[in-house]
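Here is the structure we will look at.
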Amino acid sequence: MTKHFEKLALTRRGFVVGTGATAIAVMFGTASGTGEAEAAASQTIGTWIKIGDDGIVTLISPVSEMGQGTKTAVPLMLAEDLDADWSKVRVVQAGASNKLYGNPKFNHQQQTVGSYSVTGYYLTMRLAGAQARQVLLANAAETLKVPVAELTTEPGMVVHAKSKRKIGYGEIAKTAKVPDPLPQVTKADLKPASQFRLIGKDTPRVDVPSKVNGTAEYGMDVQLPGMLYGSIRYPEVQHEKVLTVDDSEAKKVPGVVKIVTLPVGVGVIANTVEGAMRAKEALKVTWSKTAPGQTYTQDRVLADYRTIAADWSKPGITMVKKGDADAALKGAAKVLTAEYYSEHVSHVCMEPLNATAWVQGDKVQVWSGNQAPAVMQILASIAAGTKPDNVTVNTMLLGGGFGRRSDGDDVMHATMLAKAADGHPVKLIWNRSDDMMNDKFRPLTVQRLEIGLDAKGDIVGWRHRIVNETYLGRVLPPPVFKAIGMHDVVSGGGGEMNYAVGNHRVEWARAARGVDVGAWRGIAAGYTKFAIETLIDELAANKKMDPLQYRLSLLKDDPRSAAVVQAVADMAKWTEKRPDGRALGLAYSDALNSHTAAVVEVSVDDKTGAIKVHHVWAAVDAGMAVQPKNIEAQMRGAMTFGLGAALREQIHIENGVVQERNFDTYQVMRMSDVPEMTVKVISNANEPTGIGEAGVPVVAPAIANAVAKLTGKRLRHLPMTPDRVKQALG
Amino acid sequence: MSSFTFTINGKSTTVTAEADTPLLWVVREHLKLTGTKFGCGAGLCGACTVHLDGKAVRSCQTQVSEVKGRKVTTIEGLSANADHPLQKAWVAEQVPQCGYCQSGQIMQAAELLAKNKNPSREEIVTHMDGNICRCGTYPQIIAAIQTAAKG
Ligand code: FES
Ligand code: FES
């Protein structure tokens, strides 16, 4: 607990609840506003819960809202056990503080990543709500002069049934005192599922009304007094440096205020956005030609990676080690080997990256849609040359995140511009080309799998080698990366699996080639499951077993996984014959701590090689479904993301230059591309697990498996473009 | 720089800008109507869709000089209290995820419903196909348009 909290804990009007390292400060307030002032006050004192005299309950959302619905789901879990009246709940976005708002299951970092939000804050929120409710009950007992045991709650009020008296939370807040000792709660005090009023009830999302009338505020929408606009000319090859600048034409563009050479490119500051963008194009810049990315052409890199993948003597990081896979393979009757390739894909968040910064003396304010406020604070402080404590981060709504917006290069660059803007705030806006050429792509990856089989075709050993560039090695300070054993779960993870395999070795070999990579929705499982799940189908074929039965046999000790696989098979009527020219494919994923299975029905145009997906069925068990309809929507969205990566999305890099710069060459799924998707959400009493990404990994392997069933050909290269399919068909 | 007078959401306004300034930036940054979004700047995504004399256009591909004396409607002016049937349906179906594309989606769909009271699924898809939703809310968009059409 911080000093600040200790002091707060002693005041009559505030107290601290919470378990473990997370301290949840609760305040009883005077009449609560619902606007920005409230939000600001809430942020400075780190109050998570404020119960106003007017009955308005203000809750903090510690995580970023980028479409996944956590601005509703996380506070809702607290409101459930507080028994708050949801119509009187207001949600405000937290400021930046790992200490106050860090995710209990993500090393107490305030990051909205890895589908960790609902799962990470689940117990903390519910226990805090339950404990705060006990405080309200204790106060009500005193006011009504009855024993606490005779009291219950209805949404927003304490009820004494015997005397038919009720007292609202706002009423209690007016005179509330903090009981000494503070009531304690355990898991046993949580509301039983049968009494849930919010969890599992599809509460409308708090952000939705603002997103249909234009009032939702994204980073892009920030408007400040005296605000100028920024644009940056970046090098065509990442990390090259400015050598010379000829800004004579750029300076003639109306509205240009200043042109500054930055460590990352040449910045334009203008008093209109159109001026900033135009001047940037008019700059004539020469660049160094020394960045390692100069030689990066993806076919060449892929060939390199193949050599590394096949060479187990080359050092790698052990990601999974169970039993002795090497020995098992040596003794195997047969070894099945397969290589898988996956190309770079781009995030292309609908909102191009942008950030607004305001440097005033040594104080900095930042407005940005980001997935990691505390990271933004540090980066802005570096750019401005001040202490992180001097930086205030306003986390706005994100027009998509998908893993791109923890990096903070946008915030850092905006702060660099603002530092040169003589006390004016500067809004840096990337155009789509800036956004794509500076993306931190999903890594280009080669995987090699070697599966040892006994005489009956059963698995005796499983080796899986993943070769690509590191993400965590780039974003973590070197000592921190070393301290975690260089265990990069973003680039080299995803090799784990629930299948019963005794001897299992997964190794990740980092191979830097000068192009930055990042986390992309579904992270490593987006490619590892493609390899694992298509190989599982091959192993089934080798054993002459149905892919469904084969998976169930490998999951017989894991009833939750097996149930999901069976459920989706039932939904798709797995055993029923399909029309001619169509086939079904199945895949299962345990990634992101959830259980997901999908069946797809596909056809292939053998003239063009185009794969058409006609229908997707999916079942997901992510434990207790806090917002079931939202889970369905997330599954559809994530599967649509997965469809893009499976069939179409691909970034080409020629000698370090990113070729795709907009939606003409980088084709994402459009409405006409999306098949019917039937989703089943299996809810149970287990703690909730991740859902924002769980739909991604299953799509590509399910499609490849269906194509193999239809054509007999195995596709091992993502995306499965018509060209590649045609090539495979021969 | 020149001055351009046009009607926006029922009110007359005059802005001073270069003649070829995209309407998108005039709306968003000069007039501070930020509901209209910048997605691609190239007519490829539909995030910037507004109505020009009742017709859906990409504001990133429309120059301010073209709208002189004409009527522009943005998401902020689509209805008085966010009560256009599409806006209500969008809430009922909980369409938005990140929400960034949704102003454009709604403006595009509004044009469809204005000329076709009861569009088929196919007509909806054809009309909406130029509007990208990176979050993949397409099924919900279709459902919401159908809901709004039913009235
Ligand atoms: S921003 Fe105008 S169509 Fe994309
Ligand atoms: S809701 Fe995010 S792009 Fe459509």
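By convention in this document, chain letters (A, B, ...) are assigned in the order of the sequence lines, proteins followed by strands, and residues within each chain are numbered from 1.
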Structural part of [X] lying under 4.5 Å from a heavy atom of chain B:
X: A:Met66; value: backbone
X: A:Asp207; value: side chain
X: A:Val273; value: side chain
X: A:Met639; value: neither
X: A:Leu398; value: backbone
X: A:Gln634; value: both
X: A:Tyr218; value: side chain
X: A:Ile429; value: side chain
X: A:Lys427; value: side chain
X: A:Arg278; value: side chain

What residue in [options] has the most heavy-atom pairs under 4.5 Å with chain A?
options: B:Gly136, B:Gly130, B:Gly43, B:Pro139; result: B:Gly136
options: B:Ala47, B:Gly99, B:Pro22, B:Cys45; result: B:Gly99
options: B:Asn131, B:Leu24, B:Val125, B:Leu44; result: B:Leu44

Ignoring hydrogens, what is the shortest heavy-atom contact between [X] and [Y]? Give both atom names and the distance.
X: A:Pro352; Y: B:Gly39; result: CG-O, 3.6 Å
X: B:Asp129; Y: A:Arg670; result: O-NH1, 3.0 Å
X: B:Cys98; Y: A:Gly399; result: SG-C, 3.5 Å

Would you check, one step at a time, whether the test salt bridge (Lys or Arg N to Asp or Glu O under 4.0 Å) holds for A:Glu649 with B:Arg134?
CA-CA 12 Å; A:Glu649 292 180 38; B:Arg134 185 57 166 158; 2.8 Å; yes
Any donor-acceptor pair under 3.5 Å linking the side chain of [X] with the backbone of [Y]?
X: A:Asn662; Y: B:Cys40; result: yes
X: B:Tyr138; Y: A:Met669; result: yes
X: B:Gln97; Y: A:Ala633; result: yes

Less than 4.5 Å to any heavy atom of chain A: does that hold for the side chain of B:Thr21, its backbone, both, or neither?
both
Partner chain B: residue of A:Gln68, A:His347, A:Glu65, A:Met227 with the largest heavy-atom pair count (under 4.5 Å)
A:His347
For the candidates A:Lys629, A:Met350, A:Glu676, which exhibits the highest count of non-hydrogen atom pairs separated by less than 4.5 Å from chain B?
A:Met350
I want to check something: taking the side chain as every heavy atom from C-beta on, are [X] and [Y] in contact at a cut-off of under 4.5 Å?
X: A:Cys349; Y: B:Tyr100; answer: no
X: A:Met671; Y: B:Ile141; answer: yes
X: A:Asn354; Y: B:Phe38; answer: no
X: A:Phe663; Y: B:Ile132; answer: yes

B:Lys55 atom NZ, over 12 foreign heavy atoms within 6.0 Å:
no
Might you confirm whether atom CD of A:Gln223 has over 12 heavy atoms from other residues, nucleotides or ligands at distances under 6.0 Å?
yes
What parts of residues 62-96 of chain B touch chain A if we use heavy atoms and a cut-off under 4.5 Å?
B:Ile75, B:Glu76, B:Ala82, B:Gln87, B:Trp90, B:Val91, B:Gln94, B:Pro96
Will you find, in the side chains of B:Gln102 and A:Lys211, an N or O donor that is under 3.5 Å from an N or O acceptor?
no
Rounded to the nearest 0.5 Å, how far apart are CZ of A:Phe402 and SG of B:Cys135?
4.0 Å
Mind checking salt bridge (Lys or Arg N to Asp or Glu O under 4.0 Å) for A:Asp221 and listing every partner two or more places apart, or none if nothing turns up?
B:Arg28, B:Lys37
